[in-house]
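Heads up, the thing below is written out as structure tokens.
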Amino acid sequence: MASGQRSPLREKAEWLLRFAGMSLATPRDFRRLRLEAHRWLDPDGARPLELGELRDVQAHIQRGLKALHRKQPWEHRVQGRHVLLSGAKGLHGPLSRRFETQRPSDRYVVNAMDVLTEVGDRLRTCKRPGCGRAFIAVKRQEHCIDCAKAVQTARVASWRKRNPQRVRDLAHETYVRRKRRESGRRNLKIERRPRKG
């Protein structure tokens, strides 16, 4: 896979985690999310959900993620049936399965649970104290994207504080390279100014 491209499963899982925290407060929020949820969680379904149904799905997902975070099972009771469909050539073709529910909102929740199951051990909880947000990890990632940026900023600030002379040296080297490029003189010498204080 080329860099910068995400797998459809990862995109779906990331959307699902964003959806769990999205607002459904205004009619505009609902109209946008209604179609997104239908596309991501039930593309073969007959209709997008209504506001109350979509809020129920979101609440189920939020409760499920909290239960998983506490190392408890995420349970969702549904009335439905599991259907196994024969292939184009009967038993000689590939079989496919389908889970049919009475309520469309149940299908959304079941599909959400399936997506998170397929993500496997890449579904993680941010380890930064006070966060605890669920995210889809890349490699050994331990923090959600917001906390990862904050941790990196703190790490850089700490390094800069411990190495002030190296920071000045790097800034001077960058300045010299820029001036050489601007002047077109590769051997341009620029003396450092004496420090004040």
Side-chain angles (χ1 to χ4, degrees), residues 1-25 28-30 32-45 48-49 54-76 78 97 99 105-171 173-174 177:
M1 181 167 27
S3 65
Q5 289 185 336
R6 294 182 176 156
S7 72
L9 174 62
R10 181 180 177 86
E11 285 185 43
K12 189 182 287 190
E14 287 177 344
W15 180 88
L16 181 63
L17 296 177
R18 282 193 311 273
F19 170 69
M22 288 180 182
S23 170
L24 290 172
R28 184 176 178 211
D29 294 333
F30 167 65
R32 181 177 51 85
L33 287 176
R34 179 182 194 218
L35 297 176
E36 283 184 20
H38 185 65
R39 181 171 59 101
W40 286 111
L41 295 177
D42 195 24
D44 300 326
L49 299 181
L54 195 57
R55 280 189 173 144
D56 284 346
V57 168
Q58 188 180 47
H60 279 296
I61 293 170
Q62 290 168 345
R63 283 193 301 272
L65 289 171
K66 284 179 185 172
L68 294 173
H69 180 68
R70 292 189 305 258
K71 298 181 181 176
Q72 297 172 343
W74 174 2
E75 297 178 0
H76 181 69
V78 295
R97 63 185 174 92
F99 187 74
S105 60
D106 287 335
R107 199 165 44 250
Y108 278 59
V109 175
V110 169
N111 288 342
M113 294 168 96
D114 288 346
V115 167
L116 294 179
T117 301
E118 288 180 45
V119 168
D121 65 351
R122 288 180 293 161
L123 177 63
R124 298 191 190 146
T125 303
C126 182
K127 290 189 176 181
R128 188 168 190 217
C131 181
R133 184 187 307 167
F135 68 98
I136 309 302
V138 176
K139 297 183 182 177
R140 296 179 310 203
Q141 184 179 352
E142 294 183 343
H143 304 287
C144 67
I145 193 71
D146 295 335
C147 291
K149 288 176 183 175
V151 166
Q152 179 64 15
T153 300
R155 191 178 294 139
V156 168
S158 173
W159 183 87
R160 291 174 69 90
K161 194 173 191 178
R162 287 190 321 268
N163 301 286
Q165 184 59 46
R166 183 71 180 128
V167 170
R168 287 190 292 276
D169 292 345
L170 289 171
E173 290 168 16
T174 302
R177 277 195 306 273

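Residue indices begin at 1 and follow the sequence shown. For clarity, every value in this text was computed on a predicted model and none was experimentally measured.
- Take D106 and apply the side chain to side chain donor-acceptor pair (under 3.5 Å) test, not counting sequence neighbours, and it matches H76, R103.
- Enclosure of atom CZ in R162 by more than 12 non-hydrogen atoms of other residues, nucleotides or ligands within 6.0 angstrom is indicated.
- Looking at heavy atoms from C-beta onward, R166 lies in side-chain contact with W159 at the 4.5 angstrom threshold.
- Other residues, nucleotides and ligands contribute only 12 or fewer heavy atoms inside 6.0 Å of the CZ atom of R160.
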Would you check, one step at a time, whether the test side chain to side chain contact (heavy atoms under 4.5 Å, CB included) holds for T174 with R177? CA-CA 5 Å; T174 302; R177 277 195 306 273; 3.5 Å; yes

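- Nearest heavy-atom pair across P48 and L35 is CG-CD2, 4.2 Å.
- In this structure, the ring-ring contact (aromatic ring centres under 6.0 Å, His included) partners of F19, at least two apart in sequence or on a different chain, are W15.
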Could you go through the side chain to side chain contact (heavy atoms under 4.5 Å, CB included) check for W74 and R63 one step at a time? CA-CA 8 Å; W74 174 2; R63 283 193 301 272; over 6 Å; no

Residues E11, W40; criterion side chain to side chain contact (heavy atoms under 4.5 Å, CB included); working and verdict: CA-CA 9 Å; E11 285 185 43; W40 286 111; 3.8 Å; yes

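- Residues E36 and M22 share a closest heavy-atom pair of OE1-CE, 4.4 Å.
- Annotation: the span from L33 atom CG to R18 atom CZ amounts to 10.5 Å, rounded to 0.5 Å.
- Atom CG in L16 sits 5.0 Å away from atom CG in L116 (nearest 0.5 Å).
- Put simply, the side chain of L9 reaches to within 4.5 Å of the side chain of R122, judged on heavy atoms.
- Interatomic distance, C147 SG to K127 NZ, rounded to the nearest 0.5 Å: 13.5 Å.
- Side-chain atoms of F135 and E14, non-hydrogen and from C-beta on, never get closer than 4.5 Å to each other.
- Of all the heavy atoms in L65 and L17, the pair that sits closest is CD1-CD2, 3.8 Å.
- Note that CG of L41 is 11.5 Å distant from OG of S105, once rounded to the nearest 0.5 Å.
- The distance from the CZ atom of R124 to the NE2 atom of H143 is 11.5 Å, given to the nearest 0.5 Å.
- Considering every non-hydrogen atom in both I61 and A20, the closest pair reads CG2-CB, 3.9 Å.
- Remark: the backbone N or O of I136 is paired with a side-chain donor or acceptor of R10 at under 3.5 angstrom.
- With hydrogens and angles ignored, the 3.5 Å screen pairs a side-chain donor or acceptor of T117 with a backbone N or O of M113.
- Heavy-atom minimum distance, A67 versus P73: CB-O, 3.7 Å.
- Contact detail for F30 and L49: the closest heavy-atom pair is CZ-O, 3.6 Å.
- In this structure, Q165 CD and L170 CG are separated by 10.0 Å, a value rounded to the nearest 0.5 Å.
- At a cut-off of 3.5 Å, with distance as the only test, no side-chain donor of Q58 or R55 sits close to an acceptor on the other residue.
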Would E142 and V151 count as a side chain to side chain contact (heavy atoms under 4.5 Å, CB included) if you check the C-alpha gap in whole Å, the side-chain angles of each, and the deciding distance to 0.1 Å? CA-CA 11 Å; E142 294 183 343; V151 166; over 6 Å; no

